[in-house]
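Following: one structure in structure tokens, then a few remarks.
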2 protein chains.
Amino acid sequence: MVTIKDIALQLNISPSTVARALADHPHTSDATKARVRTAASDLGYVVHAAARMMRGQSSKLIGLIIPDVQNDFYATVAKTLAETCNSAGFQLVLAITEDEPATENKHIRELISARAAGIVIVPCRSPWRDTIKLLKGLPVVQLIRNTPGLGADWFGIDDESAIHEATMHLSGLGHTRLAYIGGHQELSTGAARLAGFNRGLREADIDLGSSFVATGPPRAAFAKQTFVEMIKKFKPTGLISGGSRLTYGILEGVSQTGVRVPGDLSIVGFGDSPWSRWWGNGLTTIGLPIQDIAHASGALLLRRIEQSKNSNEYQPVRPSRAVLSSFLVKRDSTASLVNLGPDP
Amino acid sequence: MVTIKDIALQLNISPSTVARALADHPHTSDATKARVRTAASDLGYVVHAAARMMRGQSSKLIGLIIPDVQNDFYATVAKTLAETCNSAGFQLVLAITEDEPATENKHIRELISARAAGIVIVPCRSPWRDTIKLLKGLPVVQLIRNTPGLGADWFGIDDESAIHEATMHLSGLGHTRLAYIGGHQELSTGAARLAGFNRGLREADIDLGSSFVATGPPRAAFAKQTFVEMIKKFKPTGLISGGSRLTYGILEGVSQTGVRVPGDLSIVGFGDSPWSRWWGNGLTTIGLPIQDIAHASGALLLRRIEQSKNSNEYQPVRPSRAVLSSFLVKRDSTASLVNLGPDP
DNA sequence: TTGTATGCGTTATCAG
DNA sequence: CTGATAACGCATACAA
């Protein structure tokens with residue numbers, strides 16, 4: 001690896017002069033700068049980030065910790081955030097937890113060891129204490145899920161309202177047998193979304209007996225299995241999904257069981273992907289302001305990083321907690337109630 | 001930030017003893033190790049990767065450079081590779097190029113500056129010379145696309161055969177008016193896939209006049225627009241997609257124009273996603289051994305990293321070039337030829 | 001404008 | 001078994 005010394009040796013000048021030339025320091029002759037630059041380019045010099053870091057503070061790395069990249073939602077976050085980071089001279093380090101607290105902890109330690117400038121995280125179900133302690137030492141923005149102990153900035157969506165609106169929508173179409181498949185209630189989002197469903201049921205005067213609720217891991221497999229089992233026992237006319245991957249799994253189940261959408265069942269999916277509209281007129285979705293959230297969190301993190309450079313000790317000054325609204329993308333045809341089978 | 005010195009001071013021992021204890025060095029008393037570890041844990045010590053790197057060689061970072069995370073294909077690669085890296089103690093740094101040579105170059109410089117141990121890259125359309133020069137300095141594995149100048153390991157799929165097989169499949173169903181929408185011919189994959197289509201046409205004795213070809217950027221938008229325009233002028237009965245995102249765009253176009261699949265048109269999609277089967281029986285796909293490729297490339301890169309540690313100078317010893325086969329996932333109903341409209 | 005000296009946190013080497 | 005010391009590459013305060 002070619003260093004600043006090599007360039008200095010080549011040009012018979014001192015290393016510090018080279019350093020200054022490379023840094024475009026004002027007190028350096030243009031001639032020297034030019035000579036140094038060409039030499040650097042010739043030799044293929046690339047600055048040693050670690051050495052630079054030894055003197056300064058943190059690296060130009062920002063960690064993104066998410067449960068799953070295959071989720072459309074998080075993929076979009078990753079993309080948007082990568083752009084935001086790059087335009088500010090940072091690189092994004094991707095860490096995937098699979099919702100495992102141990103994996104999460106390990107990733108965070110690595111990031112701190114690499115002196116990441118900051119972290120954007122979608123916390124897993126129940127993070128370790130140690131994890132929270134570690135996170136308190138650097139700028140952190142939480143996304144979607146909200147871990148109680150950690151007093152960090154947070155951007156999320158109004159989960160309760162989102163599902164409530166979806167429930168009212170189905171009720172408004174005339175549905176009276178509703179089902180909900182959502183993520184773990186231990187997740188802040190899982191609890192809020194379920195609460196929205198329950199409020200909807202109450203407001204629509206729907207008997208709890210003619211509703212079905214299942215919560216579990218926010219994975220496609222869980223939703224698919226749950227759907228297939230449910231459709232035998234409880235025949236809903238309307239179904240609400242409480243997660244992007246769950247929607248995926250439900251649709252898998254639909255295509256496996258041959259249930260017609262919207263013929264037999266109206267569904268409200270969580271998250272509005274392009275393929276949502278491929279389901280004829282059946283699939284209403286809860287649109288999410290993903291890009292807005294990603295942008296906002298990126299921008300705020302960069303700001304926090306700036307702030308923490310000024311004050312030696314990082315202090316999470318008045319964490320922001322912003323809730324962005326989802327929006328229903330209605331695609332139901334009113335035909336959806338025509339072909340309802342008899343209640344079992 | 002708490003350092004090794006802080007621990008030493010706290011315990012009234014020398015920094016070197018602390019270092020040895022932390023490293024579980026054999027010539028250190030168990031008592032000392034225990035004391036040091038608890039102190040480290042108490043103080044929240046995390047090793048400074050940069051400082052460690054100053055002495056040693058490279059970091060524990062591996063770069064993944066891809067055009068697009070939103071592409072199912074690359075998302076799966078990212079996930080699989082992240083697992084492979086983690087289990088070997090590496091962290092994955094995600095870099096998204098959007099197929100821009102400048103962005104690509106910048107990312108690679110950053111990675112080298114951070115002394116990434118190695119890089120897995122899906123090169124962009126026409127990488128800069130400088131980019132190739134930089135890449136020659138460290139272990140690199142190429143995925144899917146193959147940049148001529150760079151003598152690095154490469155894993156890809158047999159693009160020519162894949163599209164050829166798809167073409168023969170449609171021809172075998174009785175189709176004689178075929179269309180192909182693919183990626184730029186400047187891409188190694190774009191050229192190979194188009195060649196496969198052309199060979200298929202020849203072998204099926206299909207007149208070039210009753211076929212349609214369009215190549216362009218491998219984005220959904222391009223495919224959608226091309227599809228919508230094509231469907232007015234040239235009415236194919238069979239269409240083959242030459243890229244994952246292109247399939248996406250084509251299906252967007254289908255749903256916009258109201259073309260029935262497979263009623264009016266048989267389609268072979270590139271890449272087999274779960275949503276592929278949501279198209280009734282219409283959508284045959286070219287299944288890709290994504291996970292195999294990702295696994296293989298990860299494992300090989302780790303091996304190359306090992307090798308490069310032993311020899312001071314990194315020499316790309318006999319680069320591997322492996323071609324993995326795709327497989328057709330047939331879902332066509334034979335009904336697809338029943339409703340053909342008249343030729344325009 | 002340029003050169004010299006110093007220190008960042010770790011670890012390997014050598015001395016105790 | 002433990003302590004002192006040097007070195008990694010870079011940036012900067014200070015001297016020239």
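Quantities reported herein were computed from a predicted structural model and do not represent experimental measurements. Lettering follows sequence order; numbering is per chain, from 1. All heavy atoms count here, side chains included; hydrogens, waters and symmetry mates do not.
In this structure, B:D6 atom CG and C:dC8 atom P are separated by 11 Å, rounded to whole Å. B:R20 has its CZ atom 8 Å from the C1' atom of D:dC1, to the nearest Å. The separation between B:M53 atom CE and C:dC8 atom C1' is 14 Å, rounded to whole Å.
For DNA chain D, the neighbouring residues in residues 26-42 of chain B, judged by any heavy atom under 4.0 Å, are B:H27, B:T28, B:S29, B:T32. Looking at residues 9-18 of chain B, you'll see B:S16 sit with a heavy atom under 4.0 Å from some atom of DNA chain C.
In plain terms, the two heavy atoms of A:G118 and A:I305 that are nearest each other are N-CD1, 4.1 Å.
The side-chain hydrogen bond (donor to acceptor under 3.5 Å, both in side chains) analysis of residues 116-129 of chain B, with sequence neighbours excluded, yields the pairs B:R125-B:E186.
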List the atom pairs, donor and acceptor, that lie under 3.5 Å between side-chain atoms in residues 36-44 of chain A and the rest of the protein, sequence neighbours left out.
from, atom 1, to, atom 2, distance (Å)
A:R37, NH2, A:D24, OD1, 3.2
A:T38, OG1, A:A34, O, 3.3
A:T38, OG1, A:R35, O, 2.9

In a table with atom names and distances, give each donor-acceptor pair under 3.5 Å that connects a side chain of residues 59-70 of chain B to protein atoms at least two apart or in another chain.
from, atom 1, to, atom 2, distance (Å)
B:S59, OG, B:L61, N, 3.2
B:S59, OG, B:A114, O, 3.3
B:S59, OG, B:R115, O, 2.8
B:D68, OD1, B:Q70, N, 2.8
B:D68, OD2, B:R245, NE, 3.4
B:Q70, OE1, A:T76, OG1, 3.2

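Residues forming a side chain to side chain contact (heavy atoms under 4.5 Å, CB included) with A:R20 (at least two apart in sequence, or on another chain): A:S16, A:T17, A:H25, A:T28. With sequence neighbours left out, the side chain to side chain contact (heavy atoms under 4.5 Å, CB included) criterion links A:A51 to A:H48, B:M54. Remark: A:D292 engages no residue in a salt bridge (Lys or Arg N to Asp or Glu O under 4.0 Å) (not counting sequence neighbours). For B:N12, there are no side chain to side chain contact (heavy atoms under 4.5 Å, CB included) partners, not counting sequence neighbours. Under the side chain to side chain contact (heavy atoms under 4.5 Å, CB included) criterion, B:K106 pairs with A:N86, sequence neighbours left out.
Five base pairs at each end of the helix from C:dT1-D:dA16 to C:dG16-D:dC1 define two local axes, and these are offset by 50° (rounded to 10°).
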Hey, what are the protein-to-nucleotides 8-10 of chain D N/O distances that come in under 3.5 Å?
from, atom 1, to, atom 2, distance (Å)
D:dG9, N2, A:A51, O, 3.1
D:dC10, OP1, A:Y45, OH, 2.7
D:dC10, OP2, A:I4, N, 2.6

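A 6.0 Å sphere centred on CD of B:E98 holds more than 12 heavy atoms belonging to other residues, nucleotides or ligands.
There is no side-chain donor-acceptor pair under 3.5 Å between B:N146 and B:S188.
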Verdict with supporting geometry, A:I144 and A:T189, side chain to side chain contact (heavy atoms under 4.5 Å, CB included): CA-CA 7 Å; A:I144 318 299; A:T189 51; 3.8 Å; yes
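No option in A:L135, A:L150, A:D153 other than A:L150 meets the side-chain contact (heavy atoms from CB on, under 4.5 Å) test with A:Q142.
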